[in-house]
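These values consider heavy atoms only, across backbone and side chains, with no hydrogens, waters or symmetry-generated copies. Given the structure is predicted, the values throughout are model-derived calculations rather than measurements.
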Amino acid sequence: MSARTVILHYHLFKNAGTSLDQVLKQNFGTRWVTREFEARANAAAHAKDVAQWIKANPDAVAFSSHTMELPPPELPGIKIVPLIFVRHPIDRVASAYSFERKQGGKGFGSVLARHTTLGGYCEVRLSMPRDRQCRNFQASRFSRMFSEEHGSELERSLKAVRTLPFVGVVEDFDVSMDKLAALLQQDFPDFRGAQVAANVSRDVNRSLAQRVSELQAELGDEVYDQLVAANTDDLLLHQAATERGRRGVAPAESPPVADENPTADEADGQAGST
């Protein structure tokens with residue numbers, strides 16, 4: 001039996017991560033910790049960094065990072081519960097643009113967002129082959145759960161949705177919170193979910209269909225179609241996570257051992273953002 005249970009929050013940029021962190025901090029207080037990681041050449045080296053972080057904070061329960069990568073490390077005597085959220089990719093790109101336009105930073109994304117429209121922002125980032133901010137960003141992060149021998153990036157990301165014990169959906173945040181509470185109460189009986197909306201960059205009171213329709217009108221059909229084509233995998237990932245969430249939490253497959261899986265470039269502007 002595990003002597004310790006820890007939560008790893010994989011805080012994807014503009015995927016309700018700040019809201020989830022608020023819930024974790026409400027429940028665990030000073031036992032919630034955060035840090036960022038330098039890029040590593042392979043998954044095994046990164047997993048070792050994460051493992052050292054966990055061991056260096058023996059009193060911490062919840063660990064949150066924008067740059068922590070799947071798969072979770074394996075540590076004897078420690079049960080690790082990974083948490084990650086998915087968002088409709090077109091709505092996520094618009095939220096990223098809105099956030100970067102407002103934040104006033106000197107990073108590439110912030111400067112670009114302040115000097116162009118949403119359409120211009122998308123066109124520039126889509127013209128950069130290694131930039132993943134507007135191109136299947138979520139699939140690139142989920143796929144790292146498995147090595148390339150497990151299939152394409154899409155196949156690996158969908159397998160991660162089936163494997164991970166919890167995959168929340170931003171558009172079903174309250175339902176996701178209920179499922180998260182049921183999962184974490186197995187180890188933390190006093191855990192309570194909450195309805196919060198922290199660091200929101202766009203009006204989420206309108207339906208997703210309304211927001212996406214408005215984005216299509218704002219972008220124009222040509223750019224919108226380019227954005228949709230560049231996020232086909234993310235759209236399928238979002239659909240799979242939504243269907244799983246609405247069916248209930250499925251039994252998780254056994255997680256893989258960390259292996260050498262080259263990482264993609266980190267998206268600009270992740271640290272410090274929901």
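- With hydrogens and angles ignored, the 3.5 Å screen pairs no side-chain donor or acceptor of S64 with any backbone N or O of T34.
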So S110 and R114, side-chain contact (heavy atoms from CB on, under 4.5 Å) or not? Walk me through it. CA-CA 6 Å; S110 298; R114 291 199 302 274; 3.6 Å; yes
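- A distance of 9.5 Å separates CG in L235 from CD in Q138, rounded to the nearest 0.5 Å.
- Between the side chain of E36 and the backbone N or O of T67, at least one donor-acceptor pair lies under 3.5 Å.
- At distances below 3.5 Å, not a single donor-acceptor pair connects side-chain atoms of S98 with backbone N or O atoms of S95.
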May I have the step-by-step check of side-chain contact (heavy atoms from CB on, under 4.5 Å) for H150 and E155, ending in yes or no? CA-CA 7 Å; H150 288 268; E155 289 169 333; over 6 Å; no
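- Between the CZ atom of R31 and the NZ atom of K25 there is a distance of 15.0 Å, given to the nearest 0.5 Å.
- Distance alone, capped at 3.5 Å, places no donor-acceptor pair between the R162 side chain and the R244 backbone.
- Between W53 and D49, the closest side-chain pair of non-hydrogen atoms is not below 4.5 Å.
- Taking 4.5 Å as the limit, some side-chain heavy atom of V161 sits within range of a side-chain heavy atom of F142.
- With contacts defined as side-chain heavy-atom distances shorter than 4.5 Å, the pair L164/L70 qualifies.
- Between the side chain of R101 and the backbone N or O of A113, at least one donor-acceptor pair lies under 3.5 Å.
- Inspection of the Y121 and E100 side chains reveals an N or O donor paired with an N or O acceptor under 3.5 Å.
- Listed by chain and residue number, C122, C134, L227 satisfy the side-chain contact (heavy atoms from CB on, under 4.5 Å) test with V93 (two or more places apart in sequence, or in another chain).
- Heavy-atom minimum distance, A240 versus L158: CB-CD2, 3.8 Å.
- Contact check for Q226 versus E222: side-chain heavy atoms found under the 4.5 Å cut-off.
- In this view, Y10 satisfies the ring pair (Phe, Tyr, Trp, His ring centres under 6.0 Å) rule with no residue, not counting sequence neighbours.
- Side chains of P72 and M145 form a contact here, defined as non-hydrogen atoms less than 4.5 Å apart.
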Residues D172, R246; criterion salt bridge (charged side-chain N to carboxylate O under 4.0 Å, His left out); working and verdict: CA-CA 9 Å; D172 290 339; R246 292 176 181 176; 2.9 Å; yes
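- No donor-acceptor pair under 3.5 Å is formed between the side chain of N15 and the backbone N or O of G17.
- Across every non-hydrogen atom of G245 and K179, the tightest pair is O-CE, 2.5 Å.
- Counting heavy atoms from C-beta on, the side chains of I54 and I80 come closer than 4.5 Å.
- Relative orientation of the H11 and H9 rings is parallel, given thresholds of 30° and 60° on the angle between their planes.
- Annotation: W32 is not in aromatic contact with F63 [ring centroid separation under 6.0 Å not met].
- For the pair N27 (side chain) and R192 (backbone), a donor-acceptor distance under 3.5 Å is present.
- Remark: aromatic rings of H46 and F37 are close, center separation under 6.0 Å.
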CA sep, side-chain torsions, deciding dist, call: R125, R132, side-chain contact (heavy atoms from CB on, under 4.5 Å): CA-CA 8 Å; R125 303 205 77 145; R132 300 303 298 265; over 6 Å; no
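- Residues F13 and Q133 form a side-chain contact, since some pair of their non-hydrogen atoms from C-beta on lies under 4.5 Å apart.
- Checking side-chain atoms of N136 against main-chain N and O of D234 turns up a donor-acceptor pair under 3.5 Å.
- The shortest non-hydrogen separation linking D221 to Q216 is OD1-NE2, 3.4 Å.
- Between L154 and L236 the shortest side-chain heavy-atom distance falls below 4.5 Å.
- In plain terms, the two heavy atoms of T116 and Y97 that are nearest each other are O-OH, 2.7 Å.
- Residues F188 and F28 place their aromatic rings such that the two centres sit under 6.0 Å apart.
- For T5 (side chain) and D187 (main-chain N/O), no donor-acceptor pair under 3.5 Å exists by modelled atom type.
- For G193 against V23, the heavy-atom pair with the smallest separation is CA-CG1, 4.3 Å.
- Closest non-hydrogen pair, V86 versus E171, comes out as O-OE1, 4.3 Å.
- For R135 (side chain) and R130 (main-chain N/O), no donor-acceptor pair under 3.5 Å exists by modelled atom type.
- With 3.5 Å as the limit, one finds a donor-acceptor pair spanning the side chains of Q239 and E243.
- Checking S157 against R144 by side-chain atom types alone, no donor-acceptor pair falls below 3.5 Å.
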